[in-house]
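Right, one structure below, let's go through it.
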Amino acid sequence: MNKREVLDKHREYLFSCVANYYDEPLVVDHAKGSYVYDLDGNEYLDFFGGIVTISVGHCNDKVTGAIQQQTSRLQHISTLYPTEPHVRLAEKLAAMTPGRLQKSFFTNSGSEANETAVLLAQIHTKCQDVFALRHGYSGRSHLAMSLTGHASWRLAPTAVPGIHHIPNAYCYRCPFGLTYPSCDLKCAKDLEAAIQTVTSGKIAAFLAEPIQGIGGFITPPSEYFKEIAAIVRKYGGLLISDEVQTGWGRTGKMFGIEQWDIEPDIMTFAKGMANGAPIGATIASAEVADSMKGLTISTFGGNPVTATAALATIQVIEEENLVENARLMGQRLRAGLDRLKEKYPVIGDVRGMGLMQGLELVEENKKPSPESVRRLFELTKTQRLLIGKGGLMANVIRITPPLNVTKDQIDEALKKLDRSFAQMGL
Ligand code: PMP
């Protein structure tokens, strides 16, 4: 098919909510490493990685090789029969994750991983109330959508009772109009006031992303999660860390929550864990995990091929020291973005950690500027650079190259961004 045919069929046969980036969508044909190629053979430097999912480069030989071998050995059998890839991956997760986290449940997506986490917390604590953050994103099932704190991603009326949201730690636009550190972390302390006023005084869980992804890489102050964890535990709840975007080295540590020196009670994973193979995982301590009894199944959960893809991805991350590379390349990227902020007033804030960096674009008086993001997207496309967007007002650029990105690729991306901002003339 040529580009026109793909676009026509996309319009005709897919739900119209399956939205694409760019005025004229980019039809992707193939990809390798940090580069993506369109149907006409044009090469793009990919600094979004299929929405924070390509951890070790597109079509990584080690991951693809492992997938190919496993596909011809055993592709599917379901969890009714134990398999080696399934238990090996579960054992690996237990070894890598912090604290007493030990037992996993595998699914196909981040939405399901969060569903599983909340269900588990409710069963374990025998409570229903769950707290999440405004500007958070948890997925597209009814429960995950109800946990999500963005009107634009909540397509139907709230379906799930017992879910509450508190203001997030968004220092660039403090929801309380305060300034860090004199704010004394009012946003975290507000959780206690909320529990005391809108619940019976006991909660099942608090779920949050260590750095908010779709929210626009909103990064809390370093003591924020400690404060939150203390309150959650005081009221009998479990702390769920959604590592769907921050996991597997993205922030310069293996897991985002480790940046905040906290041991969560439950962690959820998806996206970058298997470099693009569809996977979700929920891990908890044996005591918490074993409180889920009775019949529940995910047909494809722990599928031998996706489990193998995850094992191979994790092996590449470990063997090639990619967490450290993410930290170092993240520093280089951040320094370059900070320089761009000095040069272009449209960049109001630079934030994030490691290879998870965001630029919030604004007009006068910090007014969100989604139009600037739209224009920057078209300009960077012409420069053959792929970036992502996010933020409640769609005014944040998200930059997340593969963890094995090189210095030269970082410098190349910074040059392309610089040229694009210069052309925008703001
Ligand atoms: N949690 C976070 C933090 C996410 O970013 C996403 C997806 N963007 C999800 C959960 C849901 O994952 P999925 O799209 O795989 O269901």
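Because the structure is predicted, anything quoted here is derived from the model rather than measured. Atoms within a ligand are numbered from 1 in the order they appear, just like the ligands themselves.
Salt bridge E318/K92: present, at least one basic N to carboxylate O contact under 4.0 Å. Salt-bridge annotation for R374 and D23: present, with a side-chain N of the basic residue lying under 4.0 Å from a carboxylate O of the acidic one. Under 4.0 Å is where a charged nitrogen must lie from a carboxylate oxygen, and between E243 and R250 no such pair does.
Counting only heavy atoms of the protein, atom 5 (O) of ligand 1 lies nearest to Q245 NE2, 2.8 Å. The protein heavy-atom contact nearest to atom 1 (N) of ligand 1 is D242 OD2, 2.7 Å. Considering only non-hydrogen protein atoms, atom 16 (O) of ligand 1 sits nearest to S111 OG, 2.5 Å. When hydrogens are left out, the protein atom nearest atom 13 (P) of ligand 1 is G110 N, 3.4 Å; that is the closest non-hydrogen contact.
Evaluated for a side chain to side chain contact (heavy atoms under 4.5 Å, CB included) with R398, the options K389, Q357, Q245 yield exactly one hit, Q245. Only one option out of K103, H124, Q102 pairs with D290 in a side chain to side chain donor-acceptor pair (under 3.5 Å); it is K103.
Neither the backbone nor the side chain of I51 comes within 4.0 Å of ligand 1, counting heavy atoms alone. When non-hydrogen atoms are compared, ligand 1 lies under 4.0 Å from the side chain of N114 (C-beta onward) but not from its backbone. With a 4.0 Å heavy-atom cut-off, ligand 1 is reached by the backbone of S138 but not by any atom from C-beta on. Neither the backbone nor the side chain of R140 comes within contact range of ligand 1; no heavy atom lies under 4.0 Å.
For the pair K202 and Y235, the NZ or CZ position fails the cation-pi test of under 6.0 Å to the six-membered ring centre and within 45 degrees of the ring normal.
Heavy-atom proximity to I214, at under 4.0 Å, picks out these atoms of ligand 1: 8 (N).
At under 3.5 Å, not a single nitrogen or oxygen of E209, backbone or side chain, sits near a nitrogen or oxygen of ligand 1. Between G139 and ligand 1, no pair of N/O atoms sits closer than 3.5 Å. Looking at ligand 1, you won't find any N or O of E112 less than 3.5 Å from one of its N or O atoms.
Using cut-offs of 30° and 60° for the angle between ring planes, the F225 and W260 rings count as parallel.
Each ring-ring contact (aromatic ring centres under 6.0 Å, His included) pair with one or both residues in residues 279-332, not counting sequence neighbours, appears once here: H76-F300.
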